[in-house]
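Following: one structure in C-alpha cells, then a few remarks.
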Amino acid sequence: MRVLTFNVNSIRSRQKVVEELLFYRDIDVACLQEIKVVEEKFPQFPPFQCLVNGQKQYNGVAVCSRLPIEKFQIGFEGEQGESRFIYTQIGNYHIINIYAPLGDLYQKRFKYKMEFYRQLEKFIEQRFDLRRDFVILCGDLNIAHREVDVWNSEEWKGKVTFLPEERKEMDRLLEMGFIDVVRSATPKPIFTFYDYRGGAVYKNHGLRLDYVLISTPLLPKTHSIELLLNVRKRRDPKPSDHVPLIVEFK
DNA sequence: ATGGCCACCCGAGGTGGA
C-alpha cells in the first residue's frame, strides 16, 4: 500500500499537482492537510473516495482512498473548533491524518496546540495497541523534533515549532510506541517545509514538520520512503510550501 | 537574468502561515 502525506496549502491551488501524484505515483491513500476549503467545494478525484474535514479559508484535512474505507471519524469527539483531524480504517491499516496547530508565543494558541496533542494521544491510547495494531499517524505535526530537523538550530532556538515543550511532545509520541519512518532511515537533515520567503528552498533553509509515524508491527512492512523535493522546487505549477512524502508498505 | 511569498477573504488590502 502506497501512502502519500502532503500539506497542500489549498487544495484548489494544488488540484493538478495532487492529481499527478495520485495517478502517476500510484497512490492508494492520500492524507492531505491545509486544504483551506469546505467539504462541498473539495474537488473530486475519481475513482478515489475522499473524506473531508473542511472549513472555510483555514486549516482542513482530507483522506482520499482508492481502497474501500471501512471506518472513519471526522474530528475528535464533540469537536466544534478547527478542522485538523481525520481517522480512517482501510483494510487492517488505521490511518490518522492531522494538521497540528502552529501555536505561537502568546499563551492562548500555544495552549491550544498542547491540548490538541492531549486529545490526539487520548484518541490513540483508547483505541489502539501500538505493539499489535497497524497504525499510521501522519501529517503536518508543526514540530521540529531535534536539532537536525531545523536548518539552523541556533537561529531556531526559542521559536515556535522548536520550543522544548513541543519537542517533548514528539518524544512522548515515540515513547507511546511510534516509529519515525524518515528518521529511522537516515540520521541526516531532512526537511519537509521551506518558507516561500527569502528563497528558502534554494538555500536549503528548511524544517522537518511533516512526519509518517508507524506502530512497530508496520516496521518490517515498510518497503520504501520517498521525499518529493522536486515538487516543492518547481515553479510551474506553483508549489505548496511543504514537501510531499510517500511511504510504501508491503 | 538564474530569485525571493502566497492564498485566503472578496473585489482592497489585511491576515495567517512557520
Side-chain angles (χ1 to χ4, degrees), chain A residues 5-19 31-43 52-62 81-85 97-117 138-170 182 189-211 227 229-245:
Chain A
T5 182
F6 186 21
N7 179 323
V8 293
N9 184 21
S10 161
I11 189 62
R12 288 174 292 179
S13 299
R14 235 60 69 194
Q15 188 173 349
K16 261 236 152 82
V17 178
V18 168
E19 239 159 43
C31 295
L32 308 174
Q33 303 91 32
E34 275 208 89
I35 58 172
K36 292 188 174 178
V37 75
V38 291
E39 184 181 357
E40 301 76 60
K41 292 185 182 169
F42 189 88
V52 180
N53 185 2
Q55 71 178 83
K56 190 176 173 179
Q57 188 167 8
Y58 301 116
N59 314 316
V61 288
E82 300 170 5
S83 300
R84 298 177 174 279
F85 172 96
N97 175 22
I98 68 160
Y99 172 51
L102 171 61
D104 54 29
L105 293 173
Y106 306 100
Q107 284 302 339
K108 217 175 172 185
R109 292 295 295 170
F110 194 76
K111 253 189 172 167
Y112 174 57
K113 185 175 196 171
M114 294 299 114
E115 281 160 19
F116 175 88
Y117 274 100
C138 67
D140 179 354
L141 305 201
N142 261 324
I143 299 174
H145 187 198
R146 303 206 171 113
E147 299 208 342
V148 70
D149 298 317
V150 297
W151 65 275
N152 181 337
S153 59
E154 282 310 307
E155 173 133 0
W156 277 88
K157 212 154 270 175
K159 288 189 180 169
V160 72
T161 69
F162 195 56
L163 296 173
E165 298 95 308
E166 303 174 82
R167 298 175 61 189
K168 270 182 213 143
E169 208 59 60
M170 278 298 296
V182 166
I190 299 285
F191 303 134
T192 67
F193 166 82
Y194 296 92
D195 201 303
Y196 286 123
R197 292 164 290 192
V201 73
Y202 311 109
K203 302 178 196 162
N204 201 30
H205 290 183
L207 304 172
R208 192 163 74 103
L209 304 180
D210 303 83
Y211 296 80
L227 192 80
L229 196 55
N230 291 342
V231 177
R232 172 65 187 90
K233 278 186 174 164
R234 74 181 178 190
R235 282 184 213 170
D236 187 30
K238 280 191 181 179
S240 166
D241 43 3
H242 288 255
V243 179
L245 290 168

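Reminder, nothing fancy here: chain letters follow the sequence lines and each chain counts from 1. The structure presented is a predicted model; accordingly, all values stated were derived computationally and were not measured.
When the P atom of B:dG17 is taken as reference, atom CZ of A:Phe162 falls 21 Å away, rounded to whole Å. Here the C1' atom of nucleotide B:dG16 and the CZ atom of A:Phe110 are 18 Å apart, to the nearest Å. Put simply, CD on A:Gln33 is 18 Å from C1' on B:dC8, counting in whole angstrom units. Between A:Arg109 atom CZ and B:dA18 atom P the separation is 11 Å, expressed in whole Å. Counting to the nearest Å, the C1' atom of B:dG17 and the CG atom of A:Leu209 are 11 Å from each other. Here the P atom of nucleotide B:dC9 and the OH atom of A:Tyr58 are 9 Å apart, to the nearest Å. Between the CD atom of A:Gln55 and the P atom of B:dG16 there is a distance of 13 Å, rounded to whole Å. Atom C1' of nucleotide B:dG16 and atom OH of A:Tyr112 are separated by 15 Å, given to the nearest angstrom.
In plain terms, the two heavy atoms of A:Leu141 and A:Lys113 that are nearest each other are O-CE, 4.4 Å. Between A:Ala144 and A:Phe162, the shortest heavy-atom contact is O-CD1, 3.4 Å. For A:Leu229 against A:Val243, the heavy-atom pair with the smallest separation is N-CG1, 3.8 Å.
Between the side chains of A:Glu34 and A:Asn7, at least one donor-acceptor pair of N or O atoms lies under 3.5 Å. Between the side chains of A:Asn9 and A:Ser240, no donor-acceptor pair is found at a separation under 3.5 Å.
Two residues, A:Ala100 and A:Gln57, neighbour DNA chain B, and the one matched to the more 5' nucleotide by heavy-atom proximity is A:Gln57. For the pair A:Asp241 and A:Ile35, nearest-nucleotide mapping onto DNA chain B gives the more 5' position to A:Ile35.
Counting non-hydrogen atoms under 4.0 angstrom, A:Asn142 reaches the backbone sugars and phosphates but no base. Using a 4.0 Å heavy-atom cutoff across all strands shown, A:Asn59 reaches no nucleic acid atom at all. Residue A:Tyr194 is out of contact with every strand shown, counting any heavy-atom pair closer than 4.0 Å.
In terms of modelled atom types and a separation under 3.5 Å, the side chain of A:Thr192 and the main chain of A:Leu209 share a donor-acceptor contact.
Classification of A:Glu82 and A:Arg109 as a salt-bridged pair holds, one side-chain N sitting under 4.0 Å from a carboxylate O.
B:dG14 and B:dC10: their C1' atoms are spaced 12 Å apart (whole Å). Separating the C1' atom of B:dA18 from that of B:dA12 is a span of 26 Å, rounded to the nearest Å. The gap from the P atom of B:dG4 to that of B:dT15 amounts to 25 Å, rounded to the nearest Å.
Taking 4.0 angstrom as the limit, A:His242 places none of its side-chain polar atoms (N or O) nearer than this to OP1 or OP2 of B:dG17.
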Given protein heavy atoms under 4.0 Å, the one-letter contact record of nucleotides 2-7 of chain B, with B base, S sugar-phosphate only and - none, is simply -BBBSS

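Syn is the conformation of B:dG4, whose glycosidic angle sits no further than 90° from 0.
Between A:His242 and A:Phe193, the two ring planes are tilted [angle within 30° to 60°].
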